[in-house]
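Heads up: the structure comes next, in structure tokens.
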Amino acid sequence: MSLGKIIIVEDDSLSARLLQRNAEKLDYEVVGNFSNPQEALECYKENDVDAVLLDFQLGDEWDGSELNARIQEIRPVTVIFITSADDDESLQKILTANPDGYIQKPINSRELRAILQMAIYKTKQEKALTELNETLDEKVIERTRELDVAVTSLVKEMAEKEKVQLKLERALEAEKEFSQLKSSIVSNLSHEFKTPLASIRSSAQLIKAIGDKEGRPKEQKHAHRIEKAVDSLTDILMRILLVEKDQDAVYSAEIMTFNLAEFMKGLLQESQFDKVDNVSIAYEEQLAGVEVSSDKRLLKQIFINLISNACKYSHPNGTVYLTLNIENGTLIFVVKDEGIGMSSETQQQMFHRFFRGDNVGSIEGTGIGMSIVRRCLDALRGEVNVDSTEGKGTTVTISIPIEG
């Protein structure tokens, strides 16, 4: 059984034959092997493939970047560039073309297997997400129609109180079902990602170990990039799962006594927030020897999300200011940045799940961090105050009653 369908575009006939032979040995079906870009394009129009292996330097007529653009115009697909170059300038040109990956000649079976597995998996997951979005759109339209009918009926029956009440209850039940459906889909999809992500990370670690043993720094470099990408995606999935889980079960406080200064020191060292756009962390506290009683797990979620947001929405090379103190039996934690800030409308909705401000632009995020903070604070009977001005920065102050 074929693991996936691919097209090869390579103007060196020997390299093309070797690449096809290696791909077929790995149980991939090669739909076509072309040196002519136009022939490759026609084949792609007629065949549904999972990936295209494309020589970046095809010749005088077209280069790999132009052919990739024409392929994507027909329909999106994962494209992996092939190159014999290893200098920084050439690799930068490849990255500028925005491929899904690249592989350098000479190509061995291990590298080809790893890059194809990731490419095929990416294509299949994107198709699954597209189908899921289409299904969700249909559900939204269906639910919207049901609610429109319910509202129309309610307006007509205002004089009959019992009927109005019945209609409202039915509409509310339909809304709850839709919310449960969305939560179930998000959770199931996140769980489905976990196993293949773990496999990809294990493969990357194996490639890195082999590269280290055989003295191959390029393999180690690419394997490290794979590991970082997998860790980033895993963190996003875990955050989505956390915000979708039952609040009473996940956010129930488990009180223990611990040294607050040591806890904060470990959190800052572990998280390495200053790696984000060279943002500096200015931390101030007077907690030497202070023991407190609280839930370390919930506090960690609160601190990490607030500091991460401050770093993410700060300007490059900016500074995030942190203060942590105990005042009259209350933990006071202040996070201040001088970044993009928030409008008053955004501040009113910032604790809603999956909400993101209208000024975040291309900054990555899921919109669930502050929802997690709100739930953790509720479990600890804490409060939060947000002071923000768009374009000037944000200050978030939390207060949590503690025993110590």
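Side chains are part of it too, since the values below use all heavy atoms of this structure and drop only hydrogens, waters and symmetry mates.
In this structure a side-chain-to-backbone donor-acceptor pair under 3.5 Å is present from Gln347 to Ser388. The main-chain N or O of Val396 is never found under 3.5 Å from a side-chain atom of Asp387 such that the two would form a donor-acceptor pair. A donor-acceptor pair under 3.5 Å is formed between the side chain of Asp50 and the backbone N or O of Lys5. The backbone N or O of Val77 lies less than 3.5 Å from a partner atom in the side chain of Gln72, making a donor-acceptor pair. Using a distance-only test at 3.5 Å, with no hydrogens or angles considered, a donor-acceptor pair links the side chain of Asn305 to the main chain of Gln301. With Asn325 contributing its side chain and Phe333 its backbone, the two residues share no donor-acceptor pair below 3.5 Å. Not a single donor-acceptor pair under 3.5 Å links the side chain of Glu29 to the backbone N or O of Val31. Side chain of Ser343 to main chain of Thr346: a donor-acceptor pair is present (N/O by atom type, distance under 3.5 Å, no hydrogens or angles). At least one donor-acceptor pair closer than 3.5 Å links the side chain of Asn36 to the backbone N or O of Gln38.
Exactly one residue among Ser280, Ser308, Ser314 makes a side chain to side chain contact (heavy atoms under 4.5 Å, CB included) with Val320. That residue is Ser314. Of the listed residues (Arg374, Arg375, Arg381), just one forms a salt bridge (charged side-chain N to carboxylate O under 4.0 Å, His left out) with Asp378, and that residue is Arg374.
Using a 4.0 Å cut-off between charged side-chain N and carboxylate O, Lys105 and Glu111 make no salt bridge. Under the 4.0 Å criterion applied to side-chain N and carboxylate O atoms, Glu42 and Lys45 are assigned as salt-bridge partners. Look at Arg143 and Glu146 and you find a salt bridge, because one of the NZ, NE, NH1 or NH2 atoms lies within 4.0 Å of a carboxylate O, short of that distance.
Taking CG of Leu299 as the reference point, atom CG of Leu331 lies at 6.5 Å (rounded to 0.5 Å). Atom CG of Leu53 sits about 11.0 Å away from atom CG of Asn22, to the nearest 0.5 Å. Rounding to the nearest 0.5 Å places OG of Ser65 at 9.0 Å from CG of Leu54. Atom CD1 of Ile107 sits about 9.5 Å away from atom CD1 of Ile80, to the nearest 0.5 Å.
Judged by the 6.0 Å and 45° rule, Arg75 forms a cation-pi pair with Tyr44.
No more than 12 heavy-atom neighbours from other residues, nucleotides or ligands sit within 6.0 angstrom of NZ on Lys300. Arg110 CZ: more than 12 foreign heavy atoms inside a 6.0 Å radius.
Using a 4.5 Å heavy-atom threshold, the side chains of Glu383 and Ile398 count as separate.
Judged purely by distance below 3.5 Å, without hydrogens or angles, the side chains of Thr330 and Ser399 never pair a donor atom with an acceptor atom. Side chains of Glu24 and Gln20: a donor on one and an acceptor on the other come within 3.5 Å.
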